[in-house]
Structure formats: structure tokens, C-alpha cells
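In the text below, chain A, chain B and the rest are named by the order of the sequence lines, each starting its count at 1. The figures that follow rest on heavy atoms only: side chains count, while hydrogens, waters and symmetry mates do not.
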2 protein chains.
Amino acid sequence: MISAMATSGTQRAKKPREETARRREDILRAAMSTFGTRGYKNGSLAEIADQVGMTHAGVLHHFGSKDQLLLEMLDYRDRTDVEHLADQHIPGGLDLFRHLVTTARRNAERPGIVQTFAVLSADSVTDDHPAKEYFRGRYTQLRSDIREALHEVCDPDDPPDDAMVDAAAAAVLAVMDGLQVQWLLDPEAVDLAYASAFAIEAVLTAAVGGRRRRRMLEY
Amino acid sequence: MISAMATSGTQRAKKPREETARRREDILRAAMSTFGTRGYKNGSLAEIADQVGMTHAGVLHHFGSKDQLLLEMLDYRDRTDVEHLADQHIPGGLDLFRHLVTTARRNAERPGIVQTFAVLSADSVTDDHPAKEYFRGRYTQLRSDIREALHEVCDPDDPPDDAMVDAAAAAVLAVMDGLQVQWLLDPEAVDLAYASAFAIEAVLTAAVGGRRRRRMLEY
DNA sequence: ACTTGGTTACTGACCTGTAAGCAAGTGTGG
DNA sequence: CCACACTTGCTTACAGGTCAGTAACCAAGT
């Protein structure tokens, strides 16, 4: 699954010892778990180190600081998250929205990752949070992707209102995030996949008006 | 030891009870500010105490523990938040949605309170968080209010699908919350009031189908 | 011999909660 | 209307704990 990327004839000389890279990934995965279940400030390096059988100083040996570990963890998650996409790149147009619904469905099976991002993204709005820039940039990028997809869906001769497209793009991400929080608090009470699909379709319908009708997305 | 600041003069001290209640409220407001800007775990009693000119032990004298302070703060916010409603009670039917849009507009003017709730609600999904039960109950109640309002809006002879109403109720809260996070991270990029109104109307339209049309809500 | 991946041990911040004390204000009996 | 015990609203001091980060060291593998 992952082994493929060790390819390329240029063996990178002495630098990366394979075992070390694996160790670092273990730590990053442990960090996801700990920061997800306890929050950033509250999650300790010792707890992360414990999960991979070393001391907290060992973790710092690899990552230098807790802040750096968080940032590398977010980066790692981004890299591995697109791995499952065959073409390694997020689709556009209507397919983007289908992709988002699929993601919601997938997320309903992995509360751990969902919690990590739900907790950290809200955490990041606090003063001087090390991941604030990461999340700001992330949302900017995602909103832009969705705006573009919305324009693609629309008839170019009858372009939608810009302000509305902006609102719709933000709203799509917002429902997904907000539903995750409610679902994490009370999984019985919220059907994450269905509610996400419903809301995304609702926003989509409202944004593109009458041009495209009913059942654009499947559930 | 301490030269008391009992600097006499016209030292009015008639009603210690009332004065005490005011002191407690000062502390609760300071707690909102600190927990909002730093998160729960990260915000210290010392910082809260500082804002009202006392030591952290003074705060504990009034509230017993940090957890208790958080809970009372949430309670205080709930009490004071409905004060501005003339009839002191949340409306039903279409008025509920108008009220939500109004709230979003109001929120765009008070980032402090918005941040407090955005941060704490996501914080609360972490393990053993003292406010988890508070937020779970809060969402349960709000979803129920919205479900009811949705039913009121619909023609009783043609009732909407239950699963859809559930999804719509959760989605309405979710967009509002999610938009707040994006807005806090990047106020320039997100129009909180407009996007909230747009998304709420979109969900409403999708949920009640053709029975009610266009411009149910004003912006 | 040098680098790498750790370890132990320690430091210095901070943080919550507790205890004891104190000054100013309150209530009551006389 | 006053004396005096009690209560209230804090304070300082400290106990006990957690945590990030640093330094010095060591055991391999190359």
C-alpha cells in the first residue's frame, strides 16, 4: 500500500534509514491519536511516546519540539489522506461534491481522525496557536476549490452571484465540520453521512438554482 | 504584612451580598474571556483572577474548582443570553429560523462570545471534558427545537420525512457552528451573517420542499 | 571513528487545590 | 448604641503534580 514510494533508483544515500522513517511515522500516528483525544495543549509528549514505546525525550529527538510535531503531523495526515485517491488529486465540478459526500461516509467509520481534526481546527482559533496558519490556509484553499467547482457546475452564460458562491463554499465546509462535532458528542443522535449528504445537496441546489435539479448526489 | 488597600475615605460597604454577586459575575465574565481566548485547559485561574484584580485562590473561594467555574460560566451565559429576548423564550415555526439568522448577525458583532463557544464546544468532545454533558444536552435540545419548528412550517397533511427533518435540524446548527470557526480564523474571508442566512435558507428549502418558496428569510 | 537513535536525569515553568490567617463588615444580646 | 463573636472575602504560602525542553551519555550500526 505504502511501500511504493521507496522506489526511484537514486537511493538517497545515507540519509533516510528505513527503520527510522517508520519510527517517525509511528510517532506521527500516535500524535494524531493523542492530540485528537486530548487536544493539543492537554496531550503530552509522554503519552505519545508511550504509544510507540519510548520516552518523551526520544520523541523530541525526532521532532525537536511539540509544535513541530503537530505541524508535521498535520502535514503527514494531508499526504496520506490523498493516497487513497487513485489519481492523487481532488476532483472538480460535480465530482468534488460527490467526493465530499464520500469523505463524510468514510469519516463515519473513523471517529479518531474526525476527532483529531474537529478538536484541532477549533483549538486553532485560540491565541497564538501553532496550527492557526495551517488551518487558515487549509480553509482558504478548500473554499477556493469549492467555489471553482460551483462555477463549473453552472451554466457559464448565466453565472451565479459571487457573494452567494462564496457563502455556499464556506457553508459546505461548515456543515461538514459542524456535523462532525455533533456526531462526536452524540453518535446515536446524528447520522453523519446522511446529514452531510443532505446538507451539501441543499446548499448546492440553493447555489446553482434551477439549472440542475434533484438527485445530483447519491446516498 | 500587606498594607491593605483599605484606603478608607468614603468606603461604602453596605450590601456585601449584592456586592458579592457582582464580584462573581465579574469572575464569570473574565472566565468567558479567558476560556474563549485560550481554551479550557490552557486558560488558567490566575489569568482569570488577574482580570478582576484578585488571586487565583480568591476565584476558588467563590467557585470551589475550575470545573465548577466552567459549568457556572456556561449556565450564566445561557441565562444572560435570553435576557435580550423580550418574551424570554425562543420562538417556534418560521420565527425560529428568523431568530437564528438574527443571532448570526448579532454574533458577527461579538467575536469574543463566538470564540468562547466555538472553542469550548469542540474542546468538549475530548475525553473526560467537564462540559461534555452540557454540550451534548444543549445540542439535543436545540435539534429538537428545530425539528419541531420544521414540522410547524410544513403542511400537516403532507408531513416531511423524519430522517430528513433530523438531518436538517442537525445541519442548521452545524453550518452556524462551522461558519463561526472559519470566520474566527479569517474574518475577511467569510461573511458570517450572510453565509449563515444563505445556508439556513438552503436547508430550510430542501427540507420543506415546494410548500414554501423563495425568500422565507430576509437578510 | 563517526553518526544515529535512543536513554536517564534534571531544570524551570506553570497549574490546581488546600490551609491558615486576617481585616473588614454583620448580627445579636444587653 | 455598643461590645463582641461570627461570617465573608479575600490573602499568602505551600504541597503536589505535570510538562516541555536540555544535556550528557551510551549502544549500536556503518
Original post:
Can you name the salt bridge (Lys or Arg N to Asp or Glu O under 4.0 Å) partners of E148(B), sequence neighbours left out?
Top reply: none
Original post:
Which residues satisfy the side chain to side chain contact (heavy atoms under 4.5 Å, CB included) test with A57(B), sequence neighbours excluded?
Top reply: T55(B)
Original post:
When you check the phosphate oxygens OP1 and OP2 of dT4(C), does a side-chain N or O of R23(A) lie under 4.0 Å from one of them?
Top reply: no
Original post:
Quick one: what's the B/S/- string for nucleotides 23-30 of chain D, heavy-atom cutoff under 4.0 Å, read 5' to 3'?
Top reply: ------S-
Original post:
For N42(A) and dC15(C), what is the distance between atoms CG and C1' respectively, to the nearest whole Å?
Top reply: 12 Å
**OP:** List in chain and number order the residues that pass ring pair (Phe, Tyr, Trp, His ring centres under 6.0 Å) with H56(A), two or more places apart in sequence or in another chain; answer none if no residue qualifies.
**Re:** none
Subject >> Set of side chain to side chain contact (heavy atoms under 4.5 Å, CB included) partners for H99(B), sequence neighbours left out >> reply: L85(B), I90(B), P91(B), L96(B), T103(B)
Original post:
Which nucleotide in the set dT7(C), dA20(D), dT11(D) lies at the smallest distance from any side-chain heavy atom of M54(B)?
Top reply: dT11(D)
Subject >> L60(A) side chain, from C-beta outward: closest of dT16(C), dG21(D), dG6(C) >> reply: dG21(D)
Original post:
Can you check whether S44(B) has a side-chain N or O nearer than 4.0 Å to OP1 or OP2 of dC14(C)?
Top reply: no
Original post:
Got a sec, which pairs hit ring-ring contact (aromatic ring centres under 6.0 Å, His included) with one end in residues 23-43 of chain B, sequence neighbours left out?
Top reply: F35(B)-Y40(B), Y40(B)-H129(B)
Original post:
So does H62(A) reach the base of dG6(C) with its side chain, donor to acceptor, closer than 3.5 Å?
Top reply: no
Original post:
So what does T55(B) touch, heavy atoms closer than 4.0 Å: a base, only the sugar-phosphate, or nothing?
Top reply: base
Original post:
Taking the side chain from R143(B) and the backbone from A169(B), do they hold a donor-acceptor pair closer than 3.5 Å?
Top reply: no
